[in-house]
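One structure is given below, encoded as structure tokens.
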2 protein chains.
Amino acid sequence: MSLVPSSKRSSSRSVARRQTLALSITEALRQEIVSGVRSPGSKVSEPSIAGSQNVSRAPVREALRQLEREGLVVFDAVGRCRVVELTSDDVEDICGLRVSLESTAASHAAARFSDATQRVLHDNLEQMESATTLDEVSMLDLAFHGEVMEASGRRRLIAAWRAIEPQLRLWLGTLQRRREAISADVLASTVAAHRQLIEVLASGDRTRAREFAAFHVASWVDGNDTTM
Amino acid sequence: MSLVPSSKRSSSRSVARRQTLALSITEALRQEIVSGVRSPGSKVSEPSIAGSQNVSRAPVREALRQLEREGLVVFDAVGRCRVVELTSDDVEDICGLRVSLESTAASHAAARFSDATQRVLHDNLEQMESATTLDEVSMLDLAFHGEVMEASGRRRLIAAWRAIEPQLRLWLGTLQRRREAISADVLASTVAAHRQLIEVLASGDRTRAREFAAFHVASWVDGNDTTM
DNA sequence: GGCCGCCAAATTGTCGACAGTTTTTGTCCC
DNA sequence: GGGACAAAAACTGTCGACAATTTGGCGGCC
């Protein structure tokens, strides 16, 4: 398999680290996990990956640690690594934390909403309106919420979000591999909610932003079946 | 779903990983940073640490990555590592996130409050009452809140807390190195607040737990001077 | 005195190797 | 067929080494 070329990180905030083998492998593995090529619970050993990617174990090791940070793999007591298996409990956990983080972020974002942010969000909205596949919508949805997080300007809040976002992607992927089509009304309501969130953020009303974000995320969670 | 038997160590990791060189070095470095032996902004290079600890660079490298995860060191674009320099902005950031996480945790903890947890918290309370140094009180305070986080049973919530807790320790350390004595009324009010929090948690009222925790943490933040 | 380029030292990213464990395989016996 | 047991394979943690960069210092030049 070839290493993913990795378009540069969309977020301008995080420091662009020099491209390194460990980074390429991290991205490649993340993609494999989220896309389901590596199924939950399957073993992930350093030598096998090092062999398949034609690198030494060192960068692989580093990549696995990064993926652990993102919650996509877990290490057992003896250091063995496996792809994480998300239970419905885990999903609940993730979503609960997500509500906390996003509502807090929305509150901050409302206090420092910029034109640039608004442009980015509107852009995302337009893309979503013309999206066709469920996968596309999900990714745009995550990107939208990621931008709101970034707009909060709170580094540690963003870091906490980044620690669960890949798990959300993984979960959404699993869901999508069961369904296939995209429900038109879900798309419509998501777009509507996002549009409304932008307005609330632009209004600068922090309390309302917090509450609306909490409500939107929570109802989004309800809209998706969390049982696995 | 198994939960921590609560029998073992108080600051329990979810998994007791086998003792490893990387772990020892992580702990040693963390201590050096939090205690101020390594001052904020100072360089942390792999060879120097490897040399001083008589190990190779590999475990040092891993330790530094762990410390980065804990926010105690930062890497620049070319991979150089330094001890983090916390600005008043950072502290605000940390505390804001802390309020979010702890109030959420309190809400969950109230819903599943156990006798074991109550015992641990009361134990902490007693220790704090007989504490003499400011350092002692701070550590017990952090331990108390850590236990509340654990009591929430939300792994990812706990993980997010662990990602900022060391930075809190670092900040408290710097503060303490400026003052010296412990204010009796601060101690008293902290103990009182903790006692009250235990009661609220035991009552099982999730909303009240959330609100009380948010209030307590926020006022604690106000009580400490965040300007650096 | 201050700025510029050059050389030496230091540092990171990556590699291959080895020892100690853990897991798997294969075999023999019941 | 199933279980105990031993050999074999696989894996992790750690080490030392090397090349490519980056940093720091030094002398020269304006």
Side-chain angles (χ1 to χ4, degrees), chain A residues 1-6 8-9 14-30 32-33 38-70 72-85, chain B residues 13-30 32-33 38-69 72-85:
Chain A
M1 287 297 141
S2 63
L3 297 177
V4 174
S6 97
K8 62 179 164 180
R9 206 86 176 99
S14 63
V15 187
R17 251 203 264 224
R18 195 176 37 185
Q19 182 69 350
T20 182
L21 269 184
L23 225 121
S24 309
I25 295 173
T26 303
E27 287 164 5
L29 282 179
R30 187 191 296 123
E32 289 183 11
I33 293 174
R38 287 180 188 272
S39 50
S42 61
K43 284 180 289 193
V44 183
S45 75
E46 293 170 11
S48 70
I49 296 170
S52 74
Q53 302 272 4
N54 275 84
V55 295
S56 79
R57 278 176 50 211
V60 174
R61 212 178 157 72
E62 206 162 317
L64 291 184
R65 284 331 225 282
Q66 173 60 30
L67 292 174
E68 181 195 24
R69 185 197 294 217
E70 298 174 8
L72 291 182
V73 303
V74 293
F75 288 85
D76 64 19
V78 285
R80 249 75 180 207
C81 181
R82 297 175 162 277
V83 176
V84 70
E85 295 179 278
Chain B
R13 300 271 155 126
S14 35
V15 206
R17 263 224 263 261
R18 197 175 35 184
Q19 182 67 354
T20 183
L21 268 185
L23 232 142
S24 311
I25 295 173
T26 303
E27 287 164 7
L29 284 179
R30 186 192 296 123
E32 289 183 10
I33 293 173
R38 287 180 188 273
S39 50
S42 62
K43 284 181 292 192
V44 183
S45 76
E46 293 172 11
S48 68
I49 296 170
S52 73
Q53 303 270 1
N54 275 83
V55 295
S56 78
R57 278 176 50 210
V60 174
R61 213 178 156 71
E62 205 160 316
L64 291 184
R65 286 324 235 280
Q66 173 59 31
L67 292 174
E68 181 195 24
R69 183 198 295 216
L72 291 182
V73 304
V74 292
F75 287 86
D76 63 19
V78 284
R80 249 73 180 206
C81 181
R82 299 177 162 278
V83 176
V84 70
E85 295 179 278

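Labels below follow one simple rule: chain letters A, B, ... track the order of the sequence lines, proteins then strands, and each chain is numbered from 1.
- Under a 3.5 Å cut-off, the side chain of A:Arg82 and the backbone N or O of A:Gly41 do form a donor-acceptor pair.
- Here the side chain of A:Val55 is nearest to one of D:dT23, C:dC15, D:dG13, namely C:dC15.
- Between A:Asp76 atom CG and C:dT21 atom P there is a gap of 17 Å when expressed in whole angstrom units.
- Rounded to an integer number of Å, the gap from CD of A:Gln19 to C1' of C:dG13 is 13 Å.
- Atoms CZ (A:Arg57) and C1' (D:dC15) sit 12 Å apart, rounded to a whole Å.
- In this structure the side chain of A:Gln66 never reaches within 4.5 angstrom of the side chain of B:Arg65, judged on heavy atoms.
- Here B:Glu62 lies out of heavy-atom contact (under 4.0 Å) with every strand.
- Atom-to-atom distance recorded for B:Cys81:SG and B:Glu68:CD is 7.5 Å, nearest 0.5 angstrom.
- Residue-to-nucleotide proximity on DNA chain D shows that, of A:Cys81 and A:Arg18, the 5′-proximal contact is made by A:Cys81.
- With C:dT14, C:dT11, D:dC15 as the candidates, the nucleotide lying closest to the side chain of B:Pro59 is D:dC15.
- Of the candidates C:dC15, D:dT23, D:dA17, the closest approach to any side-chain atom of A:Ser56 belongs to C:dC15.
- Of the candidates D:dT22, C:dG13, C:dC18, the closest approach to any side-chain atom of B:Val78 belongs to D:dT22.
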Hey, mind stepping through A:Leu29 and A:Leu64 against side chain to side chain contact (heavy atoms under 4.5 Å, CB included) and telling me if it holds?
CA-CA 9 Å; A:Leu29 282 179; A:Leu64 291 184; 3.9 Å; yes

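- At least one test fails for B:Arg80 against the ring of B:Phe75: distance under 6.0 Å to the centre or angle within 45° of the axis.
- Rounded to a whole Å, the CZ atom of B:Arg80 is 11 Å from the C1' atom of C:dA9.
- Side-chain nitrogen and oxygen atoms of B:Ser48 include none within less than 4.0 Å of the OP1 or OP2 phosphate oxygen of C:dT11.
- At least one side-chain nitrogen or oxygen of B:Arg61 sits closer than 4.0 Å to the OP1 or OP2 atom of C:dG13.
- The side chain of A:Leu21 sits closest to C:dC15 out of C:dC15, D:dC18, D:dT23.
- Look at A:Ser45 and you won't find any side-chain N or O under 4.0 angstrom from OP1 or OP2 of D:dT12.
- Separating the CD1 atom of B:Ile49 from the P atom of C:dT11 is a distance of 10 Å, rounded to the nearest angstrom.
- Nearest-nucleotide mapping onto DNA chain C: of A:Asn54 and A:Arg82, the residue sitting toward the 5' end is A:Asn54.
- The CD-P distance, from A:Glu46 to C:dT14, rounds to 14 Å in whole Å.
- Regarding A:Phe75, its CZ atom lies at a distance of 8 Å from the P atom of D:dT12, rounded to whole Å.
- At D:dG24, one or more side-chain N or O atoms of B:Lys43 fall inside 4.0 Å of OP1 or OP2 (strictly under the cut-off).
- Distances were taken from every side-chain heavy atom of B:Pro47 (C-beta onward) to each of C:dT12, D:dT12, D:dC15; the shortest belongs to C:dT12.
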